[in-house]
Amino acid sequence: MIAEKGHTKTKLFMLLCLLFIEGCGKPSGRGDSTAPADTDHVANASGWSATQEDWFRDAEAIDYTYRSGRESGLYTILESVGGGVAVIDFDNDGDLDLVFAGGGTIDSVSVTGNPLAAYRNDRNWQFVNVTKQVGLDLPLDYSHGVTVCDFNRDGWPDLYVTTYGQSKLFLNNNGVFRDVTNECGLDFIGWSTGAVWFDANQDSWPDLFVIGYVQWKPESPPCINKVQDVCPPQRYPSAKDRLFINQGGSRFIEQSDAAGIASGGKGLGVVASDFNGDGFVDLYVANDAVENQLYYGKGDGTFQEVGNLAGVAVNAVGAPEGSMGVDFGDVDGDGRGDLWVTNFQFEDNSLYRNLNNKLFQHSTIAFGLGGTNRTNVGFGTGFVDFDLDGWLDLFVVNGHVRYLDDHPHRQKGTVYRNVPHSDLTAQTFLGRRFTDATAQSGEWFSKAHVGRGAAWGDLDGNGAQDLVVVCQDEPVALLANLNQPQHWIGLRLVGTLCDPNAVGSSVEFDHKGRTLTRWVTSGSSYLSQSDTTIHLPVEADLVAVSVRVKWIGGTTETFNGLSLNRVHKLVQGQGN
């Protein structure tokens, strides 16, 4: 996230080479003759009209602010990390609710946390603060991340909250949460950021992976270079990453060392899914200023770290970056999921294309993303098919971590649309690239913010994926997606032989002569959990569709006769 000043000559040379290489790539933007420009008044592939000026409208539905503690004026690394949001139906009424991390306050000798904030979705963009009613108005250490899973398989989604201090597990009992951290064996202390749930050992119980950042303390000396500012992560030792194995829904046992979880990372972002298609869940950790880590799961609760071997640990010239946000999805339509990571300023965000055979290729330039966000610091991000044309689009929310740097603390977010490539003689993959669509993405994206966590889900039930963004010390944003599709289908996978969220499972769907592939992931983005419902476009002449589900663990089922414009719950074992 923050790089030390005074690079070595070698690293400076490598970075200059990267800037030169990226500058020679085909520039991204609106010069693509195969896609309508932002000002063109034509209809796109999904049926919505480009005469509509904005992709998103700020619904202004929630008055809640994440507090970083910057008012202390201590310039701590703690206040730079930020917080996230969980999109969760905590009352099981079919509408997506929201739970936000709280942050806290900081002084020279101690850190104090704020409670979480829970908002119930009452439809029509009406959200009600029910934090006290659902039992979350409890004392809490300075919080960052929020993730969701039904860890005891009782049908109610539970919460895990990461903090600087003691992270917390909240059991959902018919819509009311109870702190079960200590009784479940999760009473460790440390600085934790991202977390994911998945079944590591294929016993059908979801296990918990928690990443640590650095070993900082309030009494740590400040960083002063002419003036005081936030210290870089290189000043501190790494915090520990931890894997906890679920013991039948009542307790967890830490198995980090036995599982092959490495030390030395400084984790901020994490995503879990099946990256190599072998039926086991894998992990990708976005580390700050040190190499990123890729863990291939073996299905028995152990992992092999292969970040360098697979080509996803460093950038195109072999240098580690300050990585934060992360996601996994098929951007080029070849049926293999690709990895995406957001990085610090002067470091391009990294797209790693999946080559199969457990290998990836750094492909930022090839997909038109070189140089497009280089002056920003990227955090919350994701592959989301916003216009539901069958191709995954991309967004990044930005915001600096320093206050006195040469670049502004508040920065604009970026939205990219996945479009055909106009030059098929160039180095392209299935003729796809990303083009900057920020100018047509609405008023919120036209203004600067200190963006951190972000998540998505269909908050109003119209088939279009909406965005929730958490910023530092300003009200959260609920961005309503105005690209409402005419025909769509939603799929919520429920595991019975695998974990209930079916993390790592995939859906295949035939659409307009090709096969769309989508995965269930845990984590993604930054310190946040998005809704795991898979949204797919449907052709206008169809009245019902069939989909193929490849459940994590190896079984495949077909679900037929699914009606349009609604969300279907697909239960493992109930298909053909």
Side-chain angles (χ1 to χ4, degrees), residues 1 3 81 145 147 162 190-198 200 207-215 233-234 236-244 254-276 278 280-299 301-316 318-328 337-344 347 349-355 358-362 378-379 381 503-504 521-527:
M1 181 166 54
V81 171
T147 189
T162 60
W191 190 356
S192 302
T193 50
V196 290
W197 293 93
F198 66 102
D207 307 303
L208 175 64
F209 179 64
V210 185
I211 58 174
Y213 188 36
V214 298
Q215 299 179 45
Q234 292 95 325
Y236 312 104
S238 301
K240 184 180 181 181
D241 296 345
R242 305 171 189 266
L243 176 67
F244 297 94
E254 184 176 352
Q255 296 287 325
S256 309
D257 295 336
I261 301 302
S263 58
K266 298 179 179 181
L268 288 172
V270 59
V271 60
S273 197
D274 183 4
F275 305 147
N276 59 7
D278 63 358
F280 307 139
V281 179
D282 312 306
L283 301 167
Y284 185 62
V285 181
N287 288 313
D288 192 359
V290 296
E291 293 181 352
N292 297 330
Q293 296 158 322
L294 174 61
Y295 295 95
Y296 279 142
K298 301 178 182 179
T302 65
F303 297 83
Q304 180 185 11
E305 203 287 305
V306 294
N308 271 305
L309 290 174
V312 296
V314 294
N315 64 15
E321 299 176 300
S323 299
M324 280 78 73
V326 61
D327 203 9
F328 171 74
D338 311 297
L339 285 167
W340 166 254
V341 186
T342 62
N343 295 315
F344 194 63
E347 300 171 342
N349 299 325
S350 294
L351 176 63
Y352 299 99
R353 180 175 178 259
N354 193 334
L355 301 180
K358 301 183 178 182
L359 299 175
F360 292 79
Q361 180 183 46
H362 194 282
F379 284 92
T381 190
V503 173
T521 64
S522 182
S524 297
S525 191
Y526 181 73
L527 306 178

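The structure displayed is predicted, hence computed values, not measured ones. Along the sequence shown, the residues carry numbers beginning at 1.
Note: Asn287 CG to Asp241 CG = 7.0 Å, rounded to the nearest 0.5 Å. To the nearest 0.5 angstrom, Thr302 atom OG1 is 9.5 Å from Phe280 atom CZ. Atom CD1 of Ile211 sits about 9.0 Å away from atom CD of Gln293, to the nearest 0.5 Å. One finds the OG1 atom of Thr381 at 13.0 Å from the OH atom of Tyr526 (value rounded to the nearest 0.5 Å). Expressed to the nearest 0.5 Å, how far CZ of Phe379 lies from CG of Leu527 amounts to 9.0 Å. For the atom pair CZ (Phe209) and CZ (Phe198), the distance works out to 7.0 Å, reported to the nearest 0.5 Å.
Proximity of a side-chain donor or acceptor of Glu291 to a complementary backbone N or O of Val314 within less than 3.5 Å is not detected. Under a 3.5 Å cut-off, the side chain of Ser238 and the backbone N or O of Gly265 do form a donor-acceptor pair. The main-chain N or O of Val312 is found under 3.5 Å from a side-chain atom of Tyr284 such that the two form a donor-acceptor pair.
Considering every non-hydrogen atom in both Ser524 and Asp327, the closest pair reads OG-OD1, 2.8 Å.
Cation-pi geometry between Lys298 and Phe303 is not met at under 6.0 angstrom from the ring centre and within 45 degrees of the axis.
At a threshold of 4.5 Å between non-hydrogen side-chain atoms, the residues Val271 and Val196 do not count as touching. With a 4.5 Å cut-off on side-chain heavy atoms, Thr147 and Trp197 count as touching. Using a 4.5 Å heavy-atom cutoff, the side chains of Val81 and Trp191 are in contact. Side-chain contact between Asp282 and Tyr295: absent, with no pair of heavy atoms (C-beta onward) separated by less than 4.5 Å. The side-chain heavy atoms of Ile261 and Arg242, taken from C-beta on, include no pair separated by under 4.5 Å.
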Item checked: Residues Trp340, Val326; criterion side-chain contact (heavy atoms from CB on, under 4.5 Å); working and verdict -> CA-CA 5 Å; Trp340 166 254; Val326 61; over 6 Å; no
Item checked: Check against side-chain hydrogen bond (donor to acceptor under 3.5 Å, both in side chains), Ser350 and Asn315 -> CA-CA 7 Å; Ser350 294; Asn315 64 15; over 6 Å; no
Margin query: Go through it in stages, so that I can follow the logic: the residues are Phe328 and Phe275, the test is ring-ring contact (aromatic ring centres under 6.0 Å, His included), and I'd like the CA-CA distance, side-chain angles, deciding distance and then a yes or no.
Written below: CA-CA 8 Å; Phe328 171 74; Phe275 305 147; 4.8 Å; yes
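Side chains of Asn292 and Ser323: a donor-acceptor N/O pair is present below 3.5 angstrom, by distance only.
Note on Glu254 versus Lys240: salt bridge recorded, some NZ/NE/NH1/NH2 to OD/OE distance being below 4.0 Å.
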